[in-house]
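Predicted, not measured: the structure shown is a model, and the values here were computed from it. Atoms within a ligand are numbered from 1 in the order they appear, just like the ligands themselves.
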Amino acid sequence: MKIACLAGDGIGPEIMVEAKKVLAALAIDGVTTADADVGGTAYRKHGHPLPPETLALCEASDAILFGAVGDPGCDNLERHLRPEQAILGLRQALTLFANLRPATMFAGLEDLSALRPEVAREIDLLIVRELNGDVYFGEKAIRVLDDGRRQGFDFMSYAEDEVRRIAHVGFRAAQGRKGRLCSVDKANVLETSQLWRDVVIEVSAEYPDVELSHMYVDNAAMQLVRNPGQFDVVVTGNLFGDILSDQASMCVGSIGLLASASLGERQTQYGTLGLYEPIHGSAPDIAGQGKANPMAMILSLAMLLRHSLGLEAEAARVEAAVARALADGVKGADLGGSATCAEIGDAVAARL
Ligand code: IPM
Ligand code: MG
């Protein structure tokens, strides 16, 4: 079982160390890891945020554990050389179109949520975000109009097969949970969303056991803070899913707690090829100070064990160890505590 480890920029390397610590503590037979450069770090060393050797390593692996990319020093580079292009490039090259972003309240953290504890307590949802289409990958440019004004544009589109395959992921996820799927769009304004909604309704015929609802994205943003407990599985496009998943993280208490899996259709010997990363970014302001919370990274490792290596029992053990550490009061600065990144990793490993 081969895991490619791409630590990346900012806090990426320090949280990766802690995830590897937890992996080592599990002592699973036959797992190997290999490191490769990505993001701004890779640009500085190799002149490209996603060097060919990094992509080759990922293609030859069963799973990819990904830290974070983003480096303010690279913000003025041409767009195709910016660190973010590494993660977008990997999602595209490996056709990782389904992004699973679970948000569940941890017992004892209700007071840290941006919401009232009695509202926060009910959070147990999964955002299924499409990752290969939408305004992210359409034609884009800043051009000069005939009258000399500059205009920026980004082409938003979804083809029906792209909507269909992510809809299936959403429905199947709902079947494995509470049986409710909420499709989020902006069909009152966007044609892209109208097609999205039409296709989701078509696909729903194959899932009579799932209760389907639709919500406009503005309303969804509001409902997510008014009553997040109403959601089971949310399926949505690339841009809306990006925004709503960050919002969901603060409902849970910290963006340092939310993991994600990006999956496609490629099967490996042990499960589905996938990329696993915290939903937070590289946090350059706190990089290298031991202040990062590695829990999202460690929970991403748990998702990797489950989806790509078929190791459900080990995945559940890691998740239980994180929950236990939190319940025991092991908290980083993001949660109002003082545990360092390494101490949090040690605490989780000890609880395994
Ligand atoms: C995420 C991030 C990325 C995205 C960035 C880094 C390109 O915000 O994974 O949510 O927008 O998808
Ligand atoms: Mg994001």
Side-chain angles (χ1 to χ4, degrees), residues 6-13 15-16 37-43 48-50 54-55 58 64-75 77-103 125-138 140 154-156 158 162 166 184 217 220-221 224 234-252 254-264 274-285 287 292-293 296-297 299-300 303-304 334:
L6 278 45
D9 305 323
I11 59 171
I15 58 178
M16 181 64 79
D37 295 320
V38 77
T41 314
Y43 172 75
H48 197 279
L50 181 57
T54 298
L55 184 55
C58 293
I64 303 145
L65 194 58
F66 192 96
V69 287
D71 177 342
C74 294
D75 281 352
L77 292 174
E78 279 177 66
R79 183 166 300 280
H80 75 280
L81 293 175
R82 291 193 204 166
E84 291 77 7
Q85 293 306 309
I87 183 64
L88 297 176
L90 277 169
R91 289 171 183 171
Q92 207 172 28
L94 303 173
T95 327
L96 304 171
F97 67 88
N99 190 205
L100 310 183
R101 299 192 157 185
L125 59 89
L126 171 68
I127 297 179
V128 176
R129 170 191 176 198
E130 201 289 329
L131 271 192
N132 278 179
D134 204 351
V135 71
Y136 269 60
F137 293 101
K140 58 183 78 226
D154 300 83
F155 186 73
M156 175 184 257
Y158 264 121
E162 293 176 309
I166 193 71
V184 170
V217 64
L224 199 53
V234 171
V235 66
T236 190
N238 206 343
L239 181 63
F240 300 156
D242 179 43
I243 298 167
L244 292 178
S245 56
D246 264 36
Q247 190 182 338
S249 73
M250 277 323 285
C251 298
V252 170
S254 168
I255 197 162
L257 293 174
L258 262 64
S260 85
S262 302
L263 307 171
L275 181 150
Y276 302 82
E277 56 172 330
I279 80 154
H280 62 67
S282 58
D285 53 325
N293 182 352
M297 182 85 241
L299 292 168
S300 299
M303 292 187 90
L304 180 156
D334 58 321

Tabulate below the donor-acceptor pairs under 3.5 Å that side-chain atoms of residues 255-263 make, not counting sequence neighbours, or state none.
residue	atom	partner	partner atom	Å
Ser260	OG	Glu277	O	2.9
Ser262	OG	Asn99	ND2	3.3

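In this model, a donor atom of one side chain and an acceptor atom of the other lie less than 3.5 Å apart for Ser254 and Asp334.
With a 4.5 Å cut-off on side-chain heavy atoms, Gln85 and Val69 do not count as touching. Two residues are said to be in side-chain contact when any heavy atoms from C-beta on lie closer than 4.5 Å; Leu275 and Arg91 fail this criterion. Pro13 is not listed as a side-chain neighbour of Thr41, based on a closest heavy-atom distance of 4.5 Å or more. Leu224 places a side-chain heavy atom less than 4.5 Å from the side chain of Leu125.
Side chain of Thr95 to backbone of Gly264: no donor-acceptor contact under 3.5 angstrom is found.
Protein residues with a heavy atom closer than 4.0 Å to ligand 1 are Glu84, Arg91, Arg101, Arg129, Tyr136, Asp242, listed by chain and number.
Here the Mg ion (ligand 2) has protein N, O or S atoms under 2.8 Å from it, and they come to 1.
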Practice task
Before giving the answer on side chain to side chain contact (heavy atoms under 4.5 Å, CB included), spell out for Leu94 and Ile64 the whole-Å C-alpha distance, their side-chain angles and the decisive distance to 0.1 Å.
Solution key: CA-CA 11 Å; Leu94 303 173; Ile64 303 145; 3.4 Å; yes
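Listed by first and then second residue, the side-chain hydrogen bond (donor to acceptor under 3.5 Å, both in side chains) pairs involving residues 128-138 are Arg129-Tyr136, Arg129-Asn238, Glu130-Tyr158, Tyr136-Asp242 (not counting sequence neighbours).
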